[in-house]
Number of protein chains: 2
Amino acid sequence: MVRQTKENAELTRQRIIEAAREVFLSRGVSRTSIEQVANQAGVTRGAVYWHFSDKKALFSAMREQVILPLIDRIDENILNENNDDPLGKIGDFLYGTIRALDESAYTRQTFEIMMVKCEYVEELTELLEQTLCNCERIAKKIEQLYERAKTKGQLNPSDSPAILAMDTHLFFSGLMHLWVKDLDSKHYRNQAADLITNHINLRRK
Amino acid sequence: MVRQTKENAELTRQRIIEAAREVFLSRGVSRTSIEQVANQAGVTRGAVYWHFSDKKALFSAMREQVILPLIDRIDENILNENNDDPLGKIGDFLYGTIRALDESAYTRQTFEIMMVKCEYVEELTELLEQTLCNCERIAKKIEQLYERAKTKGQLNPSDSPAILAMDTHLFFSGLMHLWVKDLDSKHYRNQAADLITNHINLRRK
DNA sequence: TTGTTTACATACATTATTGAATGTATATTA
DNA sequence: TAATATACATTCAATAATGTATGTAAACAA
């Protein structure tokens, strides 16, 4: 097998990304060699180097496959201008993100790689900055929803949307981290919904 | 220089740990070779291997130097049974931890290494579990303080200490992560105190 | 004072990994 | 249908990293 059709080439590209996820997950990004990825994908290093210039490009591709849909969710969710429970909407949005991790193994695994199986140094530091940037966008969106909640009278009048949003943002960052690290589902994964509900209810007037 | 006194040997051991922290910080744990650490410390690989069996032992030693004092803080802080502002005490405890990072460069750098410059795979997974375990202890301590706050009537009676504690625990996990990653102090580091104060005030009756 | 251990330095053998260069059969295109 | 670009496989050259083994001079103990 020497030259594939375009479609097949795209399939092998995907196979390589999947293989990378599997090997990254068990060995960590730094310790995996291109050859290990190639073996796992059933190709040679030549194929991997054809599709990706180096390990960073491969890692970025894997990362974008799960990040981009999640970013889209942020914007989608904000479009829905008129709803009479903005506060509940915040909870829905947060839990929707957790559900995305729960329902998709490759999303979950990719997050695990990004959070605890990758070292953000040199070329990779920009990826960490991107992540921070995405967090900012989520925080902004949450703040907008809190503002609507305030006008709807759902909040305690003494609480400002900006402060509530920041608090929720930090809460959710912590939840994501602990959820991902809670591999045996003992402490966080199985009660994420309740944790979010409780967090939101603490704000309800 | 071939054989040092015991005291000097301990000094070189410390120099090696410091060197490791510097190199880990700039290159990440996986990418740093023992030789790079040795060069940074002004010794040869022989010295490093004499003091530490391998890179994991070196990393663990570096980690414990900052973790153990923080763990001690947890217990110290709980001893102080009688105080009439348990809620404020929670804020103090959280901010004290942040201050520890702020005031000690090596503590801050070690946290940065542990959080974004280390891959938790194979031999290192147990270190991640230890961290989770320490988080649990903090959460328990916070819950106890919330219970005292409840009996003191500081809380809204409809809020349970367990739920508040979990929420604070997640908030603080998120804050720690974002604080550490906020290298240019733009978003989190310079307002950590306010974030904590606001978080606590959201609970005040 | 002598023997022994310590605290390293040096040397060695082995293996892993990389990027690039080159080869090649097949899709694709004109 | 011939020319060319594609999608890989194979080979090459070079380096980097590891753990261990051995050397050694000074510290320490008796």
**Request:** Please determine if a side-chain N or O atom of A/His51 lies less than 4.0 Å away from the OP1 or OP2 oxygen of D/dC8.
**Result:** yes
**Asked** Is there a donor in the side chain of A/Arg137 and an acceptor in the side chain of A/Asn134, or the other way round, less than 3.5 Å apart?
**Response** no
**Asked** Is the closest basic N to carboxylate O distance between B/Glu122 and B/Lys56 below 4.0 Å?
**Response** no
**Message:** Let me confirm one number: the CD1-SG distance from A/Ile71 to A/Cys133, rounded to the nearest 0.5 Å.
**Reply:** 8.5 Å
**Complete:** Reading nucleotides 17-30 of chain C from 5' to 3' and marking B where a protein heavy atom lies under 4.0 Å of the base, S where only the sugar-phosphate is that close, and - otherwise, the string is SBB----BBBBS--
**Item:** From CD1 (B/Ile34) to OG1 (B/Thr44), nearest 0.5 Å
**Value:** 12.0 Å
**Message:** As a quick check of understanding, evaluate side chain to side chain donor-acceptor pair (under 3.5 Å) for A/Arg63 and A/Thr131, giving each step before the final call.
**Reply:** CA-CA 11 Å; A/Arg63 186 175 170 273; A/Thr131 302; 2.8 Å; yes
**Request:** Report yes if a side-chain nitrogen or oxygen of A/Trp50 is closer than 4.0 Å to either non-bridging phosphate oxygen (OP1 or OP2) of D/dA7; otherwise report no.
**Result:** yes
**Asked** Among side-chain atoms of B/Tyr146 and B/Thr168, is any donor-acceptor pair under 3.5 angstrom?
**Response** yes
**Message:** Any carboxylate oxygen within less than 4.0 angstrom of a Lys/Arg side-chain nitrogen, looking at B/Asp92 and B/Arg99?
**Reply:** no
**Request:** For the residue pair B/Thr12 and B/Trp50, establish whether any side-chain heavy-atom pair is separated by less than 4.5 Å.
**Result:** no
**Fill in**
Sorted by number, residues from residues 15-26 of chain B placing a heavy atom under 4.0 Å from DNA chain D are none
